[in-house]
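Worksheet: one structure, shown below.
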Amino acid sequence: MLLRRYLVYAGVLLLLVLSVSVGTKNVSSRELPDASSAGFVEKLYRLDCGHSLANDQSVWTPGENQGHSIEFSSTCWLVKRGNQWLLWDTGVPEATVNDPNGWSTLPKLIVYRLDKTLTSQLAEIGLKPSDVAYVAISHTHGDHIGNVGLFPDARILMQRAEYEWIHGSNGPNENVNQLMALARRLLGNPKGMRLIDGDLDVFDDGSVTLISTPGHTPGSQSLLVHLRNSGFIILSGDVVHLEENFAKSRVPSLNTDKRASVESMDKIRQIIKTYNATMFINHDKKQTDGLKLLPAFYD
Ligand SMILES: [Zn+2]
């Protein structure tokens with residue numbers, strides 16, 4: 001009798017320990033959707049938001065590929081939910097489209113080019129920037145926030161940690177300081193700013209969820225969207241740059257926190273498993289080139 005009671009106590013204790021540890025392992029945040037009852041968005045469009053050439057791949061793959069150049073894609077995504085539009089990242093500044101020299105965030109390392117403006121791509125499906133009610137920002141590197149200024153009336157969704165970081169004291173080196181100064185300039189002071197702490201179910205129905213994935217920068221985030229036919233799709237932000245980096249948990253040297261970067265990759269892996277999700281990696285040009293491009297869409 002006593003033994004049975006002890007076994008019951010032990011079982012309850014084990015359950016408590018498990019639920020607490022799952023909680024701290026991120027994937028049971030209350031904001032994350034219930035896969036069986038989550039709402040849907042109707043369409044997900046990929047926009048070509050630039051491409052870049054970096055002269056030293058080893059910055060993204062420490063210890064390997066030193067001095068090898070690498071091409072990255074820059075990707076924005078447009079989500080249609082009912083008659084609302086949400087844009088995920090805003091890409092390389094539109095002025096770059098006419099610039100024969102391209103544009104750079106770190107001139108010694110990387111040069112961006114832009115083949116089509118964001119505005120012209122929106123127009124292809126009959127939209128103006130003012131039709132976009134929400135602009136969610138994965139993080140404040142210039143190739144992600146280059147066109148926030150096109151959306152002065154939109155609700156801007158970014159992590160509080162990111163906002164405070166770019167407005168805080170200087171970073172550990174000149175590269176980081178340059179990126180922070182550029183971020184302040186490009187972001188400006190949008191009037192519809194909403195600062196977020198951690199994960200967020202944006203529409204309270206599980207259809208669009210911001211996932212906090214710090215490490216690349218202090219307030220980096222990813223986006224989970226739910227589509228009727230495609231299921232759950234996770235848009236990486238810069239939680240990872242290349243499929244191979246994800247497989248190897250490899251952290252770029254420019255990231256602000258190596259340990260947090262690895263934890264965020266683990267969190268994404270858990271989400272992929274929980275939701276049977278597909279991840280689209282923003283800068284992985286090889287993967288990106290094979291994805292649908294506006295006016296085609298995922299539904
Ligand atoms: Zn970045």
Side-chain angles (χ1 to χ4, degrees), residues 47-62 70-77 87-93 96 102-114 135-148 156-159 161-166 171-187 210-223 234-246 249-258 260-265 267-268 279-285 287-288:
L47 286 78
D48 176 355
C49 275
H51 51 97
S52 57
L53 186 64
N55 60 22
D56 185 1
Q57 188 179 343
S58 71
V59 170
W60 290 271
T61 58
I70 181 168
E71 265 197 291
F72 290 112
S73 49
S74 280
T75 314
C76 305
W77 293 91
L87 181 67
W88 172 245
D89 280 342
T90 69
V92 172
T96 308
W103 179 74
S104 196
T105 51
L106 293 170
K108 288 189 196 127
L109 180 63
I110 191 162
V111 177
Y112 294 88
R113 303 196 181 266
L114 189 64
V135 175
I137 292 166
S138 65
H139 66 296
T140 55
H141 283 162
D143 52 324
H144 296 256
I145 60 164
N147 297 300
V148 169
I156 310 289
L157 307 173
M158 69 183 285
Q159 292 286 324
E162 188 76 0
Y163 186 87
E164 289 179 350
W165 172 59
I166 62 168
N173 61 58
E174 216 22 62
N175 276 345
V176 173
N177 291 340
Q178 273 183 49
L179 291 173
M180 287 162 71
L182 179 67
R184 289 191 293 272
R185 188 164 63 71
L186 289 172
L187 187 64
L210 289 163
I211 310 286
S212 167
T213 49
H216 178 62
T217 60
S220 279
Q221 53 183 355
S222 307
L223 190 74
I234 183 139
L235 306 174
S236 65
D238 284 3
V239 68
V240 62
H241 286 70
L242 301 164
E243 279 180 325
E244 198 189 337
N245 275 13
F246 193 51
S249 283
R250 215 159 43 181
V251 176
S253 62
L254 275 172
N255 282 22
T256 57
D257 187 329
K258 187 171 175 182
S261 299
V262 171
E263 285 174 0
S264 288
M265 281 190 255
K267 179 175 180 177
I268 293 296
M279 177 161 64
F280 293 155
I281 301 176
N282 186 314
H283 290 304
D284 190 322
K285 191 167 187 306
Q287 188 203 43
T288 302

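Both counts, for ligands and for their atoms, begin at 1 and track the order of listing.
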Hey, what's the ring geometry for H139 with H216, parallel, tilted or perpendicular (30° and 60° as the breaks)?
perpendicular
Do the rings of H283 and H241 sit parallel, tilted or perpendicular, given the 30° and 60° boundaries?
parallel
Strictly by modelled atom types, are E162 and S220 linked by a side-chain donor-acceptor pair under 3.5 Å?
no
H283 backbone or side-chain N/O/S under 2.8 Å from the Zn ion (ligand 1):
no
How about H144: does one of its N, O or S atoms come closer than 2.8 Å to the Zn ion (ligand 1)?
no
For the Zn ion (ligand 1), give me the closest N/O/S atom belonging to H141, just the atom name.
ND1
Can you name the nearest heavy-atom pair linking A54 to F72, along with the distance?
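So the minimum-distance heavy-atom pair works out to CB-CE1, 4.2 Å.
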To 10°, measure the OD2(D238)-the Zn ion (ligand 1)-NE2(H216) angle for me.
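If I round to 10°, I get 90°.
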